[in-house]
Amino acid sequence: MVQQIGTRCDLIMFGALGDLAQRKLFPALYQLECARLLARETRILALARSEVDTDGARKRLASRIRQHVREDELDEEVLAGFLERVDYLCFDFGDEAGYAPLNEWRRRGGGELIVYMATPPSLYGMIARNLKTGGCCNESTRVVVEKPIGHDLESSRVINDQLAEVFNENQLFRIDHYLGKETVQNLIALRFANNLFATQWNQNHISHVEITVAESVGIEGRWGYFDKAGQMRDMIQNHLLQLLCLIAMDPPSDLSADSIRDEKVKVLKALRPITQDLMETHLVRGQYTAGTSDGKPVPGYLEEEDAYKGSSTETFVALKAEIHNWRWSGVPFYIRTGKRLPEKLSQIIIHFKPAPHYIFDPDQKHLANNKLIIRLQPDEGMSLQILTKDQGLDKGMRLRQGPLELTFSEAFNAQRIPDAYERLLWEIMKGNQYLFVRRDEVEYAWRWVDQVISNWEDHAASPKRYASGTWGPVASIAMITRDGRSWYEDV
Ligand code: NDP
């Protein structure tokens, strides 16, 4: 028999037949099975409201796994073995009596208990209380919760307080799935394993940083949910601020969860508030109108199904963030994220300052700064744009900009890059919290985002329109052009 190397776990999944669980979590668990990372005794208890038996639930999960795993990665025998691990129970999570069978199930196993709450965050507190009352958890239980933790500082505190009534902080794994991406992990390796970059990573050598997270899709049937949140709460408060923290943080003293998270919190605390007087120069909100996506006509945000025609929710944000500390003084971080942009793309660009004295053709001076491009998707990888001499006798000392390229799929012999959720689930099973967000990180991020939102509400400007299939409102280009720069669009 082939050895499985993972730790033995009992995983209880609340909301196991929901979108996230079926589209991401079960396919990720299946991949861990394929990679032999699930211990032989590991069991999964799927919980949801649908009235099906274990067999029915397994069939549903199998069909969704087949749908979301690439054909060449699908092994029916492994899948059948994986589904054997899954039991299913149907009950309403508000019903205290429904929790008794969880203890029964636990008694038959005995691995580390992991509780995954793949439910709306409004249920986290109730589920935690019911687990405690039912005697279904203890001080070693690991608890996984999804974003968003609240929709502002106050509501996030309520959720965090409810969880803290039952669990200690070191039991809580708050997911931001961006932290599970290979390239995001590589940011830590790049910065802290290469002295070449470590010495350059500050305001002496870096002129500015760009972070773009673009989606080509629109609202995808989630209008009601999205309209209450908007792009600022849905993307910037979590994913983009996490990326910013990983780029900007000081070197941690070690790789422990708290060392890394302490450094991230310092960055969040040092973010300059975007006050009323900075609204015009530091922030652009947009909302998409009709246009094209992949060559097909698509409706505007206000014409989507279920849309409220008067909504002023933003589907695009561009902002200029400043970090008030020695390392980053005078280095703006231009951040933009939006829906219905020309393509699905996530990338970070570190723009280095030009050499202090320039001696080449004056007409090539605009080339004279190195860029480090970190691609999160598509084609995870990194490329360092450097200048060399152009080849050929006729070129003289003409410069040429070219990449030192590391595309992970090529560099690592086309090994598949694990999905973020595979890594996150694997780290949870090992009990490692460094890829998860601590309470104070969530709250400092909300504090900053809340003040931006409250200022724009006072400012009373509606979001600027942009046609679907474009890079957002013209004002976002003007924002960066005013500083003598432009968005990097060589993609
Ligand atoms: P869904 O609504 O699709 O799934 C939630 C699941 O919980 C459903 O199976 C639902 O059952 C079940 N549920 C809700 N209330 C109860 C209850 N009282 N008793 C029993 N079961 C209940 O949500 P998602 O899967 O989309 O999201 C889950 C979490 O993950 C949320 O916190 C979300 O913010 C987060 N998230 C989701 C992402 C995604 O891509 N979907 C991405 C990032 C985060 P029923 O079907 O019967 O209503």
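Order of appearance sets the numbers: ligands from 1, and atoms from 1 within every ligand.
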Minimum-distance protein heavy atom relative to [atom]:
{"atom": "atom 23 (O) of ligand 1", "result": "Asp19 N, 4.5 Å"}
{"atom": "atom 34 (O) of ligand 1", "result": "Lys147 O, 2.9 Å"}
{"atom": "atom 12 (C) of ligand 1", "result": "Gly15 CA, 4.1 Å"}
{"atom": "atom 5 (C) of ligand 1", "result": "Ala118 O, 3.7 Å"}
{"atom": "atom 9 (O) of ligand 1", "result": "Gly18 N, 3.3 Å"}
{"atom": "atom 48 (O) of ligand 1", "result": "Arg49 NH2, 2.8 Å"}

Query raised in the report: Using the ring of each side chain (for Trp, its six-membered ring), is Tyr288 parallel, tilted or perpendicular to Tyr466, with breaks at 30° and 60°?
Result: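 Taking Tyr466 first and then Tyr288, their aromatic rings stand perpendicular (interplane angle over 60°).
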Query raised in the report: Is it true that Arg23 and Asp19 make a salt bridge, defined as a side-chain N closer than 4.0 Å to a carboxylate O?
Result: yes
**Report entry** Among Val145, Leu123, Asn238, closest by any non-hydrogen atom to atom 15 (N) of ligand 1
**Finding:**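 The residue whose heavy atom sits nearest atom 15 (N) of ligand 1 is Leu123.
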Requested in this report: With atom 31 (C) of ligand 1 as the reference point, say which of Leu20, Asp92, Thr119 has the nearest heavy atom.
Outcome: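 Closest candidate by heavy-atom distance is Thr119.
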Query raised in the report: Got a protein heavy atom sitting under 4.0 Å from atom 2 (O) of ligand 1?
Result: no
Report task. Of the side chain and backbone of Phe91, name the one, both, or neither that has a heavy atom under 4.0 Å from an atom of ligand 1. Result -> backbone
Query raised in the report: What do we get for Tyr124 next to ligand 1 when only non-hydrogen atoms under 4.0 Å count, side chain, backbone, both or neither?
Result: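 The side chain, only.
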Which ligand 1 atoms, with their elements, are less than 4.0 angstrom from a heavy-atom of [X]?
{"X": "Glu146", "answer": "30 (O), 32 (O), 35 (C), 36 (N), 43 (C), 44 (C)"}
{"X": "Arg23", "answer": "39 (C), 40 (O), 41 (N)"}
{"X": "Pro148", "answer": "34 (O)"}

**Report entry** Gln22 touching ligand 1 at heavy-atom level, < 4.0 angstrom
**Finding:** no
